[in-house]
Amino acid sequence: MKYGFFDDACKEYVIERPDTPLPWINYLGNKDFIGLISNTAGGYAFYRDARLQRLTRFRYNNVPADTGGRYYYIKEKGKKAWNPGFLPMKTALDEYKCRHGLGYSIFESKKDNLSCSLTCFVPLNENCELHRIELKNESKSTKQLTLYSFIEWCLWDAVDDSENYQRNLNIAEIEVEDNVIYHKTEYRERRSHYAFFGVNRDISGFDTDRDVFLGPLRGFSEPLVVEEEKSQNSIAHGWYPCASHEIKLELLPGETEELIFILGYVENSPKEKWESEFKNNIINKSKAKQIMTRFATSESVVKEFNALSDYWQSLLSRFKLDSGIVKLNRMVNIWHQYQCMTTFNLSRSASYFESGIGRGMGFRDSCQDILGFVHLIPERARERILDLASVQREDGSTYHQYQPLTKMGNHNIGSNFNDDPLWLIAATVAYIKETGDSKILLEDLPFDMVKGTEASLFEHLRRSVQYTLGHLGPHGLPLIGRADWNDCLNLNSFSTEPGESFQSVDNKESGVAESIFIAAMFVLYGEQYAELCQRFGGADGAKEAKLMGQELDKMRNAIYEHGWDGEWFLRAYNAFGEKVGSQSCKEGKIYIEPQGFCVMAKLGLDNGMAEQALDSMHDHLLGDFGVELLSPCYTKYYKELGEISSYPPGYKENGSIFCHNNPWASIAETKLGRGDEAFDLYRRICPAYLEKFSEIHRTEPYVYSQTIAGRSSSSYGEAKNSWLTGTAAWTFVNISQAILGIKPDYDGLKIEPCLPKEISSYKVERFFRGCTYKISIERIELSESESNKIKTKIFVDGEELSAGTQQIPIQDKVECEVLVQV
Ligand code: GLC
Ligand code: GLC
């Protein structure tokens, strides 16, 4: 069953009913000012850090789930009020649509011949959310309306806000001037920022005290002020500050009114904090007023809205596919890239599943997010790489997470997730291949943000490699530490205390537990590191590359000797040196990660292991909705395995379809040249292909979720944790590079597709190093006997590249036509 449809021309998903299985959300804003917005106008906004600078409040574990948001109450004389997003009043609407687009959401609704269109977005270069409301009287008589706006302020630190009542219920402060409500809690002391909510016309009243607005014993669905149509002009002192405007409107038949509400954030320097030195405690509003003036007219807002569309248009023009397959086109051209932007911006911090009060930016997550984002805005990827490298420690280990505002590593979780350091190589290499900017390797960066410890990024990468080599176990395989990519495979934690974090519990570092996954990563990214040495390492580079080559051989051998289980790659050795992910295990006999990653690292390609590993993966792990993480699922808790066995069978890491690693499996298929299998795996978890099962899948059909309950669960096919998942980046890498074969490389654009039967020709426009490559790829059907003669032919602007070459050299034109025959 579907709850809406894709409007590809508008690049939108259109939701046609408010009661989606879960709130289906969107993100407003791309950089500093971010809003989360659901299909019922719920959600919240923050500035740069979802925890530390939360502007509006979100209630966790609420019922209904999606309570609190950007609420507009439309009250016609004598009738029950209603909201454009249906919630919170739940007044039945005659029409309802929510259009989630690229950086904006539009609510189109209608009640009693009054139509309302509410457009919410964050303009490109201003720290505010704009809400443009258009009301149209489609009836034959004049309508008298009162419109109430409503948001609830959060007292900045979202954690403190929800627990420290003894202080917080005393500190809220508000100012109201004209039609703008200013939230200035703690501005009197150590903060020099405030938020405001204003409207571009005169108001007949306001409220800033939530309890006055709602009235005793009432919730958002029945505010007294709205019911009585009378704002109280309340000023909050402590308690619960909010912002609500009252606007009276008279609409003649056919008449339209437009209003613009602005939710903004302002920082002042200590010198300009106050309105004047004599008026202490009256905040300096000049910046807010500038923003209010800037967006005072509909024209200015429409202009900004168009600028946002143009912005996305130009970003998405960097990779455009015309495959003739509608679902594939829409995912590649719109939603994959959009989700890549979102994961890049937010890492795993704020969604409707990530509370925004927890983990900040994940190290491995952010490194991987770059892989799918780097072609969009390489400059921002560069900045991020430098930030990430700066939380690396001198021994090469890295903090597992860092706070975006301070850029400091999170000490509570610490380091020793032994895969982390190697992801930095992946991100850096992807960046250099995209841009050619090898100078990034020379950037001097501190370790652990400590001044005076600076070393080049190249040296940081070297430390990553050395960290792995310095932490090998009894089989010559990398020690796993607290966990590798699989955060829940905690082979050294042995946790028995309820509530203890499996990852950071005082770790019984066994010095024995090893990860075949990290071993495969080392081969893949170690090879990339060796190539960096060779190319950019100067005089000693070749020597270092050679030494690295020896280490790589050793690692490959260790994997072949100790990492192969007979029919598939093993997952790990536990703290007692016993196998994990082996035929010999009672449960958890086979895991997906090493199958995908080993083959991605080209392990077993020439000895049959690769093929056998992937075949085994198909046999044991593949269901309708993708490849499950492991099988059989753990049915009880094994303290020597950790969190993975804490989940009921079929959920999360315990054998759900953990989408993130499905693209690895798919890329691995392309290493074997199995295009049909690769595309099949792509399709099974792809949201657009699952749209028709929305009542089962439940999360948004336009973006990936982290996890889909597996066959051993009691809710097979149900997804959770939508939006912020490494699936976004890896899927884009998979489809654009591995399957469609457009691979940025140091010296040019490589064309190496591995196609399924249903794609016989397609076109790609790829912006790469200043030139737009307009590529047409055709598959030449050859008979069996000719098939070993297939040689890719590439023509650039009519000229054929020398035989055997699959790489188009860097072009110094702004555009070129490429014809490829494969
Ligand atoms: C979550 C984490 C990611 C981890 C994965 C597997 O998605 O954000 O870092 O690799 O789970 O445990
Ligand atoms: C939990 C989750 C896992 C996630 C981790 C992040 O363990 O199950 O998916 O990666 O938290 O810390």
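None of the values given here were measured: they were computed from a predicted structure. Side chains are part of it too, since the values below use all heavy atoms of this structure and drop only hydrogens, waters and symmetry mates. Index from 1, following the sequence. First listed ligand is number 1; within each ligand, the first listed atom is number 1.
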Engineer: For ligand 1, note which part of Asp365 has a heavy atom under 4.0 Å away: side chain, backbone, both or neither.
Structural biologist: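 Near ligand 1, Asp365 shows its side chain, while the N, CA, C and O stay back.
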Engineer: As an exercise, identify every atom of ligand 1 less than 4.0 angstrom from a heavy atom of Arg348.
Structural biologist: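 Those of ligand 1 that fall under 4.0 Å from Arg348 are 8 (O).
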Engineer: Just to be sure I read this right, does ligand 1 sit under 4.0 Å from the backbone of His660, its side chain, both, or neither, counting only heavy atoms?
Structural biologist: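 It is neither part, as no heavy atom is under 4.0 Å.
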Engineer: Does the pair Gln337 and His375 meet the rule for a side-chain hydrogen bond (donor to acceptor under 3.5 Å, both in side chains), with working shown?
Structural biologist: CA-CA 10 Å; Gln337 299 190 67; His375 71 291; 2.7 Å; yes
Engineer: Ser715 and Tyr651: side-chain donor and acceptor closer than 3.5 Å?
Structural biologist: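 A pair is found: one side chain offers a donor N or O, the other an acceptor, under 3.5 Å apart.
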Engineer: What pairs with Tyr431 under side-chain hydrogen bond (donor to acceptor under 3.5 Å, both in side chains), at least two apart in sequence or on another chain?
Structural biologist: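 Applying side-chain hydrogen bond (donor to acceptor under 3.5 Å, both in side chains) to Tyr431 gives Arg382, Asp437.
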Engineer: If the cut-off is 4.0 Å to any non-hydrogen atom of Arg364, which atoms of ligand 1 fall inside it?
Structural biologist: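 Under 4.0 Å from Arg364, ligand 1 has these atoms: 3 (C), 4 (C), 9 (O), 10 (O).
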Engineer: I'd like to check which ligand 1 atoms, numbered from 1 as shown, lie under 4.0 Å from a non-hydrogen atom of Glu653.
Structural biologist: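 Near Glu653, the atoms of ligand 1 are 6 (C), 11 (O), 12 (O).
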Engineer: Numbering the atoms of ligand 1 from 1, which are under 4.0 Å from a heavy atom of Asn486?
Structural biologist: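 Counting atoms of ligand 1 from 1, those under 4.0 Å from Asn486 are 12 (O).
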Engineer: What residues, two or more places apart in sequence or in another chain, satisfy ring-ring contact (aromatic ring centres under 6.0 Å, His included) together with Tyr591?
Structural biologist: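 ring-ring contact (aromatic ring centres under 6.0 Å, His included) check on Tyr591 returns nothing, list empty.
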Engineer: What are the atoms of ligand 1, with element, lying closer than 4.0 Å to any heavy atom of Asp487?
Structural biologist: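 Listed by number with element: 2 (C), 3 (C), 4 (C), 6 (C), 9 (O), 12 (O).
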Engineer: Parallel, tilted or perpendicular: which one describes the rings of Phe344 and Phe373, with boundaries at 30° and 60°?
Structural biologist: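 Phe344 vs Phe373 ring planes: parallel.
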Engineer: Among Val580, Leu489, Asn492, exactly one meets side chain to side chain contact (heavy atoms under 4.5 Å, CB included) together with Asn574. Which residue is that?
Structural biologist: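 One option only clears the test, and that one is Val580.
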